Structures are given as C-alpha cells and as structure tokens.
Amino acid sequence: MQTEAENTWDNEESRSPNSNSGNTLENTEPQASSLTKIKIIGGNPLYGTIPISGAKNCALKLMCATLLTGEDMYFENSPNSLRDMRSQRELLEYLGCKVEHEGSALTINAGDIQTYTAPYDIVRKMRGSILVLGPLLSRFGEAKVSLPGGCAIGTRPVDMHINGLEEMGATVILDEGYINAKAPAGGLQGAKILFPKVSVGATENLLMAATLANGTTVLANAAKEPEIVDLGECLIKMGAKISGLGTDTIRIEGVKSLNGTHHSVIPDRIETGTYIIAAGMAGGTIQLQNARIDTLSAVLGHLSQAGIEVTQSGNDIVVSREIERLNGVDIMTEPYPGFPTDMQAQFMALLTRAEGAGMVTETIFENRFMHVPELNRMGADITVQGNSAIVRGVEQLKGAEVMATDLRASVALVLAGLVAEGETTVNRIYHLERGYEDIVGKLGGVGANIYKA
Ligand code: UD1
C-alpha cells in the first residue's frame, strides 16, 4: 500500500495536493484555492437554503460514456468545479476530446481521439479514470490504462473490471503498471458476466463496454446505485439497448454505433445526506434545493430513528431536528439500497453527540475508519473493533486542529466542527474540494461560522 501522500485512488480517498497541474485546461478552469484550511466556530444552528450539486460519482462516469460516440454530448447540472471533474477533463483532453464547460454545463466531443492510452500521471489522481477502459476498448478495439494504485480506504483491486472484459473476448496483459487490452477481430462479444461481488465501477465499465459489443451481454449480481441508473438512462438516450437498470441483472443488446445527446446529471445523494446530517447535528431548519429523497431511503430510516425529520417538497428537501439531543442508532454499510459507505463517516460524526451509543459496521472497504482518531481528538468516545466501531455519545465536542485522509472523513470533521465548542481547524481541504462544491459558501450561507484560512 502506498503512503497517504502518494495515494492515488479517487472516490473517497486521499491524494497529493500537488498532483493536479490542471494546466491543459481551458481558460474557464476553476482554480484551486491557495487557502488550505477550513476554520469553524461551532454552535450556530442552520437556517436557509442550500443548492445541491450534480452527483460527482455519476458525472465522472458520464464523461467516460462520451468516448462511445463521435457526436457532441451536452450535460447540465454537472459539478464542474470539483477537482475530480477537473482531473477527468484533463484525461479526456489528453485522449483528444474537445471539452468545454461553463457554470454547470459541460460539452464533450470525442470525434477525434488521438490516443487510447490513459497515462499513470493522470489516472493516479483518481480511480474514476479507470472507467475509460470499457468505452475505449469497445469503440476502438484497444485501450491502455494505468492501473490505479493502493488507497487509504482499502486495497481496491480492479480484477472484476478486467475479468469481465476478458469474458467479452478481450485479451488483457498487465505490464509495467498498465492494463493493455485488445478486443478480438470484429469487436467485443456479448457475454454473461456474473460478478463475484457487487461493484459499482465494474458494473459501469462493463455496462458501457457492452453497449457497442456484438450480441447480448447480461450483467448478473450488478450494482444498483442511482448513479448507475442515471448512466444507463443517458446511454439509452445515446441509442443503447439496455434493460434491468436498478436491478441486479442488467441486459444490454449491443448496437453498431451511438449518438450524442443532452443529459442532466442526477442530484448528489451523498452531498444531500451530508447536509441533512449537518442540520440534524447543528439544529435549525434547512431546505436542500434540487435534491431527491428517494435515493437516500436506507439513510432516512436511520436519520428518523436518530430524530431528524426529512420531507420532500417539490424538488427540494426540508430538514429539521425533532428532539434536543439525537438518539444513538446502529448502522451497517452495504451496497445500494443499503446504507452507503460514503455516508458512514458523516453518520459517525452525528453519533458522537447522540444520547446513548451507536455501532457503525463497515462492510465495503476494510480501512475506512481513519476519521476515528481525529474525532476522538475532538472529545468523541469511539472504540474500533475490527470492522465495527462503538460510538458512545458525549455531551460536548471540543474544537481542535484536525486532519483527514479522505474526502468523507474530511467532511465528517467539518460536521463535528459545526457543533464543537470553540474553534476547529480542518487541514488539507483539497480532499473536500474533490467532492463538495463550495462547501464553505453553502454552509456559511445557512448561518455556520465557517471560513477558509
Ligand atoms: C464507487 C464510488 C465510491 C463508493 C463505492 C462503493 C465512484 C467514483 N466511486 O467506488 O465513492 O464508495 O463505489 O459504493 O463512483 N472490488 C474488487 N474488485 C474489483 C472492483 C471492486 O474486489 O474489480 C471491491 C472493492 O475493493 C470494494 C468493493 O468491491 O471492497 C466495492 O467497490 P466498488 O463498488 O467497485 O467501488 P468503486 O466503484 O471503486
């Protein structure tokens, strides 16, 4: 496993702040802040409205799907200011795509691809870039993609991505840290692929690869996340023939070519859940604009048990705390529709001040409790035993200087800071900038005493 600073995977893990040059991007590129810390003075209740951004974990995959067609692809509600989105744009431009973005609009054209190689220097920044493998191989018959490295939240192999492509007839050779894949003459062949374990990324890579394969592909034990459904719906608009989205068996009939389309990225359910917990912990009432309650059902049950009221009102969600002190609740992370691993750290932050205890069990990633020592430094009472943590609620957290090693761990510390006595300083905010658009502006806008330093 690599050291934290060398860490290379995307999603919810850490990477070096210096790894993103961003210098190949167009002038409208949002610049990373030179401010590296967030300071929070805890104690303010939250009142007002927070706009929810498009889902990072969907937008990154939709960008890869553009490699399946030579026509223009137009996206709305795209979280373009995120670092991860910038890394993905950098990769697509390296491959030869034309990429333009303004506000939350994003246009990509992959009509003039120059290379089928996704180099280490770009892939190491973010695991989501492995998702170019299926589309490149399917449309062009070959792809060379750097293997992502180790990561802070677990070993995270890509064996299921590779095995699935081999079952579709591809020849895959791993050499010098690269996946070298070639499709058979005439292109990838439809296949029945049974995933030994539920994987979001492997389902998405194989789903995209199968759209242009010969014949029918069946993905069994597929992941059911809303982001995969959204990706599939965009592929259908592009002309793909797909059924079974949102179930554990997805069926794809390959077509000869795909067309460009318009697509609006679904709201980010993890950002939504994070702000629900913020309001539940801090108290007050907030409205989350353009948010979907239906994608958070497993979380909502636990939030309601804890004492947080959440209701849908048109396209918005209204959140309020029902009781003075929240209740301790047990959670266990599972593939969708179970409790999302990407909400585990935030829920643990909530439990730190609950009445009574709650047990948090992590079943998806083996090393995802790095926020525990930092929360304990703020006065929390958490004990880890294997893949479970017992969180005994305390009356009051105390502000402290803290540092996190991944995206969701960082935001858990921000949540704790909102209710801690005194000042909390969260270091290394580049983690947050990977997955939360303008978190300081959004929380500050509803009354939190939070600023960058
Ligand atoms: C995606 C999300 C991430 C989320 C995770 C689980 C993106 C960009 N990231 O990550 O935020 O935390 O889903 O909901 O969408 N595995 C294998 N072999 C493989 C692939 C995965 O063993 O080939 C294992 C992983 O190590 C892990 C489990 O399967 O233990 C689930 O991982 P997976 O669903 O693939 O996560 P990602 O797609 O990487």
Side-chain angles (χ1 to χ4, degrees), residues 1 7-15 54-65 79 82-85 87-88 91 123 125-134 145 147-167 172 174 179 193-208 219 221-231 248 265-266 268-271 273-274 295-296 298-299 332-346 362-368 387 406-411 431 434-436:
M1 180 162 304
N7 172 333
T8 60
W9 295 53
D10 92 322
N11 311 338
E12 315 314 330
E13 84 285 27
S14 67
R15 67 181 171 81
K56 166 187 84 97
N57 284 353
C58 187
L60 292 173
K61 323 306 171 58
L62 289 167
M63 290 173 82
C64 297
L82 297 178
R83 277 179 183 268
D84 280 5
M85 292 294 288
S87 300
Q88 201 75 313
L91 175 57
V123 174
K125 295 177 188 171
M126 188 184 56
R127 182 180 166 86
S129 45
I130 190 78
L131 272 294
V132 300
L133 177 63
V145 179
L147 277 164
C151 81
I153 62 172
T155 50
R156 303 184 79 173
V158 288
D159 54 322
M160 292 193 282
H161 301 235
I162 293 171
N163 295 345
L165 292 171
E166 284 179 333
E167 287 182 58
V172 181
L174 301 183
I179 303 166
I193 297 164
L194 171 61
F195 294 113
K197 181 174 182 180
V198 179
S199 161
V200 172
T203 301
E204 292 166 333
N205 230 340
L206 274 297
L207 169 65
M208 288 190 278
L219 304 178
N221 198 26
K224 300 180 239 177
E225 268 68 2
E227 293 77 21
I228 299 175
V229 175
D230 199 48
L231 170 66
D248 60 9
V265 182
I266 51 162
D268 194 313
R269 67 193 163 102
I270 306 300
E271 188 195 26
T274 302
T295 56
L296 276 165
V299 182
M332 180 164 80
T333 64
E334 287 175 312
Y336 192 86
F339 192 98
T341 177
D342 290 351
M343 285 295 302
Q344 180 255 103
Q346 300 91 311
E362 172 61 57
T363 72
I364 309 289
F365 294 112
E366 69 267 32
N367 185 20
R368 208 173 191 179
N387 69 339
D406 74 64
L407 168 55
R408 306 304 170 185
S410 303
V411 88
H431 293 306
R434 297 187 49 225
Y436 288 89

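Note that the structure is a prediction, hence the values are computed from the model and not measured. Order of listing sets the numbers, starting from 1, for every ligand and every atom in it.
- Not a single salt bridge (charged side-chain N to carboxylate O under 4.0 Å, His left out) links Glu362 to another residue, sequence neighbours left out.
- For ligand 1, the polar-atom distance check finds an N/O of Ser199 within less than 3.5 Å of one of the ligand's N/O atoms.
- Atoms of ligand 1 found under 4.0 Å from any heavy atom of Thr341 (numbered from 1 in listed order, with element): 6 (C), 12 (O), 14 (O).
- Look at Glu227 and Lys56 and you find no salt bridge, because none of the NZ, NE, NH1 or NH2 atoms lies under 4.0 Å from a carboxylate O.
- Looking at Arg434 and Leu82, their side chains never come closer than 4.5 Å, going by heavy atoms from C-beta outward.
- In this structure, Thr274 and Asp268 have side chains that are not in contact, with every pair of non-hydrogen atoms separated by 4.5 Å or more.
- Proximity of Val200 to ligand 1, defined as any heavy-atom pair under 4.0 Å, is shared by backbone and side chain alike.
- Listed by atom number, the atoms of ligand 1 under 4.0 Å from Gly201 heavy atoms are 35 (O), 38 (O).
- Looking only at atom types and distance, the side chain of Gln344 has no donor-acceptor partner in the side chain of Thr333 under 3.5 Å away.
- You'll find the side chain of Arg269 reaches within 4.5 Å of the side chain of Pro340, heavy atoms only.
- Near Ile364, meaning under 4.0 Å from any of its heavy atoms, are these atoms of ligand 1: 27 (C), 30 (O), 31 (C).
- Considering both main-chain and side-chain atoms, Gly128 never comes within under 3.5 Å of ligand 1 through any nitrogen or oxygen pair.
- Between Met85 and Met63, some side-chain heavy-atom pair lies under the 4.5 Å cut-off.
- Close approach to Lys197 involves these atoms of ligand 1, each under 4.0 Å from a residue heavy atom: 24 (C), 28 (C), 29 (O), 30 (O).
- Annotation: side chain of Lys224 is not in contact with side chain of Pro335 (no heavy-atom distance under 4.5 Å).
- In terms of polar-atom proximity, Leu60 is not counted as a contact of ligand 1, lacking any N or O under 3.5 Å from an N or O of the ligand.
- Residues Leu131 and Met208 have side chains in contact (heavy-atom distance under 4.5 Å, counting atoms from C-beta outward).
- Of the candidates Ala55, Pro157, Ala59, Ser129, it is Pro157 that places a heavy atom closest to atom 21 (C) of ligand 1.
- When heavy-atom distances to ligand 1 are checked against a 4.0 Å cut-off, Asp159 comes that close through both its backbone and its side chain.
- Counting heavy atoms under 4.0 Å from ligand 1, residue Arg368 touches it through the side chain alone.
- The residue Glu227 has no part lying near ligand 1, judged by heavy-atom distances below 4.0 Å.
- By the ring pair (Phe, Tyr, Trp, His ring centres under 6.0 Å) test, Tyr436 is found to be paired with no residue, residues two or more places apart in sequence or in another chain being considered.
- For Asn57, a nitrogen or oxygen atom sits less than 3.5 Å from a nitrogen or oxygen atom of ligand 1, counting backbone and side chain alike.
- When non-hydrogen atoms are compared, ligand 1 lies under 4.0 Å from neither the backbone nor the side chain of Ala202.
- Not a single N or O atom of Phe365, backbone or side chain, sits closer than 3.5 Å to an N or O atom of ligand 1.
- Residue His161 approaches ligand 1 through these ligand atoms, each under 4.0 Å from one of its heavy atoms: 23 (O).
- Atoms of ligand 1 found under 4.0 Å from any heavy atom of Val158, numbered from 1 in the order shown, are 19 (C), 23 (O).
- Within the listing of ligand 1, atoms 7 (C), 8 (C), 15 (O) sit less than 4.0 angstrom from a heavy atom of Lys61.
- For the pair Gln346/Ile270, a side-chain contact is recorded, criterion being any heavy-atom separation below 4.5 Å from C-beta on.
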